[in-house]
Amino acid sequence: MQNDENKKKKLKIIGFAVLITGIALAITAFADFFITIARFNEFNGFGPGMPKLFFLGFIGLPLIAVGSMILKFAYMGKIARYTSNEVSP
């Protein structure tokens, strides 16, 4: 039983770390994209060029999915017990 608790604790730590990293990368990618689009008219229609950090979105969005999946597995027991207690008469 103690071994399961250690595994769940590790999954929670890893899940939150991956999720937060993914969110930070996705925010950076989208901010770079929208800032580049907003500056398009400042340069007489030529624009400042292409977004340079947009590729981080392709890394960040899958990390968000993986982090969410890890957290789902880490909290699965608590959610199942709560649901069982609420449904039973």
Sequence neighbours left out, cut at 3.5 Å: what donor-acceptor pairs do the side chains of residues 61-85 make with other protein atoms?
{"from": "S68", "atom 1": "OG", "to": "I64", "atom 2": "O", "distance (Å)": "2.9"}
{"from": "T83", "atom 1": "OG1", "to": "I79", "atom 2": "O", "distance (Å)": "2.8"}
{"from": "N85", "atom 1": "ND2", "to": "R81", "atom 2": "O", "distance (Å)": "3.3"}

Please tell me whether F30 and I37 are part of a single hydrophobic cluster in this structure, the criterion being side-chain heavy atoms less than 4.5 Å apart.
yes
_Please determine whether residues L53 and I59 belong to a single hydrophobic cluster, defined as Ile, Leu, Val, Met, Phe, Trp and Tyr linked transitively by side-chain heavy-atom distances below 4.5 Å._
yes
Those residues at least two apart in sequence (or on a different chain) that pass ring pair (Phe, Tyr, Trp, His ring centres under 6.0 Å) with F54 are F33, F58
Value for CD1 (I23) from OG1 (T28), rounded to nearest 0.5 Å, stands at 11.5 Å
